[in-house]
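The block underneath contains the structure these notes are about, expressed in structure tokens.
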Number of protein chains: 4
Amino acid sequence: MGSFKGHALPGSFFLVAGLWWTGKHSLWHVTRRNKNLGSGRVASRASQRRLELIESSIVVFFSFVGILAEQFADGPRLQLYNAAEKHWEDVMNWQHSTMYLFFGLAGIVSLIVHTTDVAPLALDRLMLAVAFFNEGGLRIRLPLYTHTYSILAGFLFLYHLHGRTMLDVHVHQLLLYAVFGSAAVAFLEVFHRGNILMEMLRCTLTMLQGSWFWQVNLKTYKKKVVEHAVTTSSVSAHWPQIGFVLYPPHGPEWDLKDHNNMMFITMCYSWHLAFALLAVSMVYCTVSWLKRTPPMEMGLLKPREREPESEDEIL
Amino acid sequence: MGSFKGHALPGSFFLVAGLWWTGKHSLWHVTRRNKNLGSGRVASRASQRRLELIESSIVVFFSFVGILAEQFADGPRLQLYNAAEKHWEDVMNWQHSTMYLFFGLAGIVSLIVHTTDVAPLALDRLMLAVAFFNEGGLRIRLPLYTHTYSILAGFLFLYHLHGRTMLDVHVHQLLLYAVFGSAAVAFLEVFHRGNILMEMLRCTLTMLQGSWFWQVNLKTYKKKVVEHAVTTSSVSAHWPQIGFVLYPPHGPEWDLKDHNNMMFITMCYSWHLAFALLAVSMVYCTVSWLKRTPPMEMGLLKPREREPESEDEIL
Amino acid sequence: MGSFKGHALPGSFFLVAGLWWTGKHSLWHVTRRNKNLGSGRVASRASQRRLELIESSIVVFFSFVGILAEQFADGPRLQLYNAAEKHWEDVMNWQHSTMYLFFGLAGIVSLIVHTTDVAPLALDRLMLAVAFFNEGGLRIRLPLYTHTYSILAGFLFLYHLHGRTMLDVHVHQLLLYAVFGSAAVAFLEVFHRGNILMEMLRCTLTMLQGSWFWQVNLKTYKKKVVEHAVTTSSVSAHWPQIGFVLYPPHGPEWDLKDHNNMMFITMCYSWHLAFALLAVSMVYCTVSWLKRTPPMEMGLLKPREREPESEDEIL
Amino acid sequence: MGSFKGHALPGSFFLVAGLWWTGKHSLWHVTRRNKNLGSGRVASRASQRRLELIESSIVVFFSFVGILAEQFADGPRLQLYNAAEKHWEDVMNWQHSTMYLFFGLAGIVSLIVHTTDVAPLALDRLMLAVAFFNEGGLRIRLPLYTHTYSILAGFLFLYHLHGRTMLDVHVHQLLLYAVFGSAAVAFLEVFHRGNILMEMLRCTLTMLQGSWFWQVNLKTYKKKVVEHAVTTSSVSAHWPQIGFVLYPPHGPEWDLKDHNNMMFITMCYSWHLAFALLAVSMVYCTVSWLKRTPPMEMGLLKPREREPESEDEIL
């Protein structure tokens, strides 16, 4: 359950968020492009704001639910330190609560920005970047502190670091590329707001994060079920749907010291990225197709519309 | 006393600076926004310059005081090398003096930039960035050189690196994110001067640095008082005011090899960040509320005012 | 053969791509400059688009061929996991297939972008950046995982890391600078499209990557032939054509623990860079010379044309 | 002699280059500012070009001299590999030649850019950035490869790494900040050409590099003279002129394992930076003062002139 809360829930959250954002930004981009042909401007802006408010409310609501779930469903119930047994009370749950807190803050800020006039619009992207950076900073613990530190500190000989630990570190390191990538793109959007490419890139990275969470979760889940079975075999348990049958379902025993596992995981991450790119482009194309303007007008406008983009930076 | 000079003083300095900057930039942003409705421009510009001069003078004054305090209050009294005993005289104090020196230089440059016409305005931000980079570069010593080097060099077995040292390194590493973050944002402001979001981000990071200094200071202070008591317990000595009672005041003995401490500290840093964000936004809202224009006019201007920001980067 | 597929093929691919891009971008830059003097605009834009389509088709075709070659010529034949022998089936070939896949995707996206109107033009550069980042991420395995990890993990004493391994790591690390450099420049081009300097820089880095591949390949090839001969001697086997006779063809035995080898390799990389810069500038000059406008008109236009560039960023 | 060629020569070169650039850019900035009041434009542009040509010619000339000096004065005389004794012939000299080669290329490119019309102006900054990156990449060898690699590889126990080596690594690491800083700023100038702040920052970092070279050189020089004397004492041999008497001239014996040395060196680097900032600002002020316009006109223009800078980025 803890692992489900920690991996599958945020995984689904990010997958849905990525898909939702793709749809939203695609819709607005297409609307903006069509607007150049005329049509009602004020109406569209009002509906945009309404959409943002709904989205922000949902984010705030689910962040709140997430915090409650982490705290009360098998969690520390707002107690931070166990004075009796002298140890921290479920630090992991507290960390997840903190991550939800920052996404909740981003939601609240987005609500304020889109209802009142008090702050510039770009603040919602800045807070999103902060929330992603915060998530990455808190998640960095696993790859950096647990393992690398123990390697450096020479605890190696105590903990007997072996293939499986290195795989674990590697899997989480890959996750961080998606998290910090999302943060960096959201930060860039503060300066380049409305750039459809940056928006789509952020959606892709968010979906990549989401699907990688599911990957990790499946691995962890299996680890609990078959304690002594070699965990890495379950790494790819949900791949049949991508079209490859990797291994017989009985769980073959892998050579855990095999460096190839690491190479395979890296490659698998690339495939997740390709999948996310595909999903984003399919949503974008669908939206474009649904909201298309009459083709002949489009054709007439094409050369003019392309000008500013292809020549604006000529030295 | 040394620790107080090294941690609590700069901590307070950065907290005050962060709050002051938040107020200043908020005020100007709101004034600028209101100006679009008319009202006296030249007067406001003159008062802005006066405010900058006062701020710069105070920075220069306190930097000078800081250098004097480091040098003469329990310091090396401008003597760098002790030839008799063949060792450096209080290198730590000299380093702090150097940090003050660069902030003093930034203050002097700001004075010159705002009184004369000799250099471009953005120079004050560039010097601020240099001062922050310099501070970060000098402070990096603790996490990188003292400990990591000794780890790498295998002195590990000599110094017997254990949980407490790793916590110390980690606490200072977190500090550096705030310092270098401030430096990077100040550098960005050279190119994006007057961007209220970057200004607020810099204020947030400066306050984060300040409050983290207090955290570190409390820890260090307690360490001196109760030498053999487990220091990490005092890490969070001032948290009751945030609303959590972490542990009984008698100072429980923690398991220092417990990896959870590290995770807790990271999370605690996130809370400091949330607190800084809250403080900055509260100051901003207060200023906005105090200097607000009549609401009905505001409402009328809203749609037009938003235009350039939300659409200027459309591809 | 495997090494040929893995090194010489992509090496030639990148060399050709670098040269081709240099020619293409030079041509367009010169055309654009001449256009300011008048002449037919629409015609040129149509031929530009045709050229892009041909290029993209070729990229897609060769990516497909590359995947097939990796899979079926001495490869895993689309089988990922060998359940019988319980190991991954030729992970290296799968990784190379994945790299080709992303370059193929970039080609397909470029085709779509230049035939339809559905996405912004800059998307082709973004996908190119993604393909380069993906390549770098997959190639990072050798320097980072195989060797550095084993160093950190203390396997050092097992694998007996010596001079040759360190050289191998270093050679691949240098490759990554070119790969990630190309990715970063392509990403910059999303925002600064049509900047001839960034285009030429990307071409240079791509050619650098290509020629370095040949370097690595020659080394690897010789390693197979003369197993016990000291491999580093063959590192520079194709240098006679640059004008230096490095060593007698009989393959002298080097002192592999000699740190100078590493220094030499680094310097050799600099020479490859100088060579790539030279090639790019020669192609650019040739194209400029072939498409030059009558010189007297040029001279007249010179002062005016330079204005915007040299003064547009004055503070 | 070798050390003099490797440290004192480039040190003086960078010091002179930094000062020269400061003067040149200051002059142009002031001229540009004054030009807004009227006066002859074409004349100034022609003299600017002439100045650039002279500068580029000098750079090319000294690069050529540098290569010759490295090769023939106590160098490898264009012989790369010593087949008889089976070792590289003076790799260090070859590396220095390569560095000169890239600065020479930058000079040639600058010549071409300012005489002909074939390439965009910003190419000179790009080549300068490449030359600096190349220098940094080649110099990185000392901190990274010689020492850190040997630490990681556990040769530690063989070479008996001690305080002095760590100091050496640290001193060269600090150098690299200046080198890569210059490279990054030159790259930024490709996009923000004519930004006086970036130009001054590059000048500062170039001078910092130059003065740090002298620091390192003095250290190395003394090392040769007094082989067994503790080298670090000579680190600061030229500081009396800054006003501190660090130690008696007889060379006290330092405790090399003292971590304070490292802290001192870092601080000393900050002082070099402060010195470089001072030098640059003094040159700038002198030029501004010499080329000043009549003060009353200046005063009248002040408010208008400041506008674009302080408000152009308002969100």
Side-chain angles (χ1 to χ4, degrees), chain A residues 29 32-33 41-42 45 48 78-83 86-92 94-95 97-99 101-102 105 109 112 116-123 125-127 129-130 133-134 137-138 140-141 145-146 149-150 152-155 187 189-198 308-309, chain B residues 29 33 148 151-152 154 156-157 161-162 166 170 174 177 188 192 195-198 200-201 204 236 239 244-248 252-255 258-264 266-267 269-271 273-274 277-278 281 284-285 288-289 292 298-299 301-303 305-306 309-315:
Chain A
H29 178 67
R32 239 162 20 207
R33 219 172 44 179
R41 174 147 210 160
V42 182
R45 185 164 296 273
Q48 271 190 27
L78 295 178
Q79 194 194 350
L80 187 51
Y81 189 71
N82 187 330
K86 297 188 191 313
H87 66 76
W88 296 107
E89 201 69 70
D90 297 303
V91 185
M92 200 72 105
W94 273 102
Q95 284 215 344
S97 300
T98 307
M99 292 177 200
L101 174 70
F102 272 79
L105 282 179
V109 162
I112 293 172
T116 76
D117 198 48
V118 80
L121 267 185
L123 183 59
R125 290 297 196 285
L126 187 60
M127 272 308 297
V130 168
F133 272 123
N134 179 62
L138 288 176
I140 221 171
R141 112 197 86 81
Y145 303 120
T146 319
Y149 261 64
S150 47
L152 284 174
F155 290 149
F187 190 82
E189 281 189 89
V190 172
F191 298 99
H192 297 272
R193 193 184 182 81
N195 183 323
I196 183 71
L197 292 177
M198 288 304 104
E309 196 183 30
Chain B
H29 179 67
R33 220 172 44 179
T148 316
I151 294 168
L152 284 174
L156 171 73
F157 305 106
L161 184 98
H162 56 286
M166 276 162 72
H170 189 49
L174 290 172
Y177 295 147
L188 260 180
H192 297 273
N195 183 323
I196 183 70
L197 292 177
M198 288 304 104
M200 293 295 112
L201 187 57
T204 307
S236 40
W239 285 345
F244 295 103
V245 180
L246 299 174
Y247 52 88
E253 300 207 4
W254 288 9
D255 179 8
D258 188 1
H259 173 65
N260 286 335
N261 289 341
M262 212 102 126
M263 287 169 65
F264 173 70
T266 317
M267 184 168 57
Y269 188 74
S270 288
W271 294 347
L273 175 59
L277 284 169
L278 194 75
S281 61
Y284 178 82
C285 289
S288 287
W289 185 79
R292 73 191 178 285
M298 212 59 224
L301 276 159
K302 224 171 182 174
E305 219 181 352
R306 286 260 159 120
E309 195 183 31
S310 56
E311 307 236 328
D312 59 350
E313 289 289 336
I314 297 164
L315 269 202

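Quick caveat, the model's predicted, so the values are computed rather than measured. By convention in this document, chain letters (A, B, ...) are assigned in the order of the sequence lines, proteins followed by strands, and residues within each chain are numbered from 1.
Between A/Asn134 atom CG and B/Trp271 atom CH2 the span is 11.5 Å, to the nearest 0.5 Å. Taken to the nearest 0.5 Å, the CG atom of B/Leu197 stands 8.0 Å off from the CZ atom of A/Phe191. Interatomic distance, CE of B/Met267 versus CE of A/Met92, reported as 11.5 Å (0.5 Å rounding).
Looking at A/Leu123, the atoms closer than 4.5 Å to chain B (heavy atoms on both sides) sit in the backbone and in the side chain alike. Neither the backbone nor the side chain of A/Phe133 comes within less than 4.5 Å of any heavy atom in chain B. Contacts of B/Met200 with chain A are absent, with no heavy-atom separation under 4.5 Å from either backbone or side chain. Only the side chain of B/Leu201 comes within less than 4.5 Å of a heavy atom of chain A; its backbone N, CA, C and O stay farther away.
Across all non-hydrogen atoms, the minimal contact from B/Arg33 to A/Val118 is NH1-O, 3.3 Å. Closest heavy-atom contact between B/Ala274 and A/Leu105: CB-CD1, 4.4 Å. Shown here for A/Pro120 and B/Tyr284, the closest heavy-atom pair between the two residues is CD-OH, 4.3 Å.
Qualifying side-chain hydrogen bond (donor to acceptor under 3.5 Å, both in side chains) partners for B/Ser281, counting only residues two or more places apart in sequence or in other chains: none.
B/Leu273 places a side-chain heavy atom less than 4.5 Å from the side chain of A/Val130. Considering only heavy atoms from C-beta on, B/Leu277 comes within 4.5 Å of A/Phe102 through its side chain.
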